[in-house]
Number of protein chains: 2
Amino acid sequence: MYTVKEVADKMNISEHTIRFWAKSGFFPFIKRSETNIRLFDDHDLEWVKIVKCLRVAGVENKEIKRYIDLCLIGDSTVPERYSIIQKTKEKTKEHIKELTEQISLLEYKEAFYKNIMENNLKDSWNPINNITIEEKINL
Amino acid sequence: MYTVKEVADKMNISEHTIRFWAKSGFFPFIKRSETNIRLFDDHDLEWVKIVKCLRVAGVENKEIKRYIDLCLIGDSTVPERYSIIQKTKEKTKEHIKELTEQISLLEYKEAFYKNIMENNLKDSWNPINNITIEEKINL
DNA sequence: TCTTGACTGAGAGTAACTCTAATTTTTATA
DNA sequence: TATAAAAATTAGAGTTACTCTCAGTCAAGA
């Protein structure tokens, strides 16, 4: 049985967030000690894992709550759960694609600045000077 | 010259966000028409592009403002700008790695649900029943 | 002329944390 | 055993980055 702090450390999430998620109804099975302390078991950890997965993938808390509730209802909700997971996967792939594209731009800028530093060049533009658009662009 | 709406459409960002960013000082060069309407030129679009890139990469607005201000100062700030870009790139690569890991879990769940649906199986668990942890995990 | 649609700023509302404070519990040490 | 430090609890305030609403301005077409 794990306390909030232990879960937080294990899953690399802040304690605040774990409590916030618990209050949001994301962990319907967690027990409390006689003195009111939350106790997560390994099954609860699986729920933390899937909630974290959905959050990282950008799913809204409201939608996560829906998914949790569907799980609690049982069999009949499998198609909707499937659909949530499937859409989330597609969205995540799109997200990765977008991040990958942005990395190209970041690498371009990185190389641009590196070149300036290594060759002791001027930055080619300073707002005090009046210069053409072409010169301005690489900032 | 482009209005806020045109920039929003072109860059796939909401008009609200463009105005919010403008108010945050992210576009120091945009002009206004005599009737006070914002007019972006192609150079301003480059700034929108880099701001979008940094935001997508998860850089905070405060840090983006710092980057913008460094650009305005000129030459002497190239090393700090390089460092911001470089750290952002590393963070983004980490982020992609995390998303890629989560996709594995999503694909596992997707296959799990698909199997249930295609073979008309039971969900193997319904909270009404008392069952073992092992059976509970796949939800 | 009238209305429609795009623009404006101010400011309220929202999501998802994130932090603080007051209080209670647990644990380690004297 | 006493006690002090560490860790848990809750309620609620604060933060970030939008996101939306609204009242008002302005140009262009029926």
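The shown structure was predicted, so the numbers you read here are calculated from the model rather than taken from an experiment. Below, chains carry the letters A, B, ... as their sequence lines are ordered, and counting in each starts from 1.
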Handout entry: Atom-to-atom span, CD1 of Ile64(A) to P of dA15(C) - whole angstrom
Key = 14 Å

Problem - Between dC18(D) (P) and Glu60(B) (CD): distance, integer Å - result: 11 Å

Exercise for the section: Specify the separation, in whole Å, of atom CZ of Phe40(A) and atom P of dA8(D). Expected result: 11 Å

Practice task
Please work out which residues in residues 21-28 of chain A have a non-hydrogen atom less than 4.0 Å from an atom of DNA chain C and list them by number.
Solution key: Trp21(A)

Practice task
Rounded to the nearest angstrom, tell me the gap between atom CG in Asp9(A) and atom C1' in dA7(D).
Solution key: 12 Å

Handout entry: Atom pair distance, as rounded to whole Å: CZ in Phe20(A) and P in dG12(D)
Key = 16 Å

Exercise for the section: Flag the pair Thr92(A) / Gln102(B) as yes when at least one side-chain heavy-atom distance between them is below 4.5 Å, and no otherwise. Expected result: no

Problem - Student check: side-chain heavy atoms of Phe27(A) and Val51(A) closer than 4.5 Å - result: yes

Handout entry: Pairing of Lys97(A) and Glu101(A) as salt bridge, 4.0 angstrom limit
Key = no

Handout entry: Rounded interatomic separation in angstrom, taking CD1 from Ile18(B) and P from dC18(D)
Key = 10 Å

Practice task
Please answer whether the main-chain N or O of Ile96(B) pairs with a side-chain N or O of Thr100(B) as donor and acceptor at a distance below 3.5 Å.
Solution key: yes

Handout entry: Spacing of Glu63(A) atom CD relative to dA15(C) atom P, expressed in whole Å
Key = 14 Å

Problem - Atom-pair distance (CZ on Arg55(A); C1' on dA15(C)), nearest Å - result: 8 Å

For nucleotides 2-7 of chain C, which of its nitrogen or oxygen atoms have a protein nitrogen or oxygen under 3.5 Å away, and what is each distance?
from, atom 1, to, atom 2, distance (Å)
dC7(C), OP1, Thr3(B), OG1, 2.5

Problem - Residue mapping more 5' on DNA chain D - nearest nucleotide basis, Thr35(B) or Lys62(B) - result: Lys62(B)

Handout entry: Glu6(B) CD to Ile18(B) CD1 distance, which is reported to the nearest 0.5 Å
Key = 12.0 Å

Exercise for the section: With Met1(A) as reference, evaluate Ile37(A), Ile30(A), Asp41(A) under the side-chain contact (heavy atoms from CB on, under 4.5 Å) test and give the passing residue. Expected result: Asp41(A)

What pairs of nitrogen or oxygen atoms, one from the protein and one from nucleotides 20-23 of chain C, lie under 3.5 Å apart?
none

Exercise for the section: Mind telling me whether His43(A) and Trp47(A) have parallel, tilted or perpendicular rings, with 30° and 60° as the class edges? Expected result: perpendicular

Exercise for the section: Please state whether the phosphate of dT15(D), meaning OP1 or OP2, lies under 4.0 angstrom from any side-chain nitrogen or oxygen of Asn61(B). Expected result: no

Problem - Backbone of Phe29(A) reached by a side-chain donor or acceptor of Lys31(A) within 3.5 Å - result: yes

Handout entry: Gap between atom OH of Tyr67(A) and atom OG1 of Thr88(A) - 0.5 Å precision
Key = 9.0 Å

Handout entry: Stepwise salt bridge (charged side-chain N to carboxylate O under 4.0 Å, His left out) test for Lys93(B) and Glu107(A)
Key = CA-CA 11 Å; Lys93(B) 283 187 174 174; Glu107(A) 279 174 346; 3.5 Å; yes

Practice task
Ignoring hydrogens and angles, tell me if any N or O in the side chain of Ser24(B) forms a donor-acceptor pair with the backbone of Phe26(B) under 3.5 Å.
Solution key: no

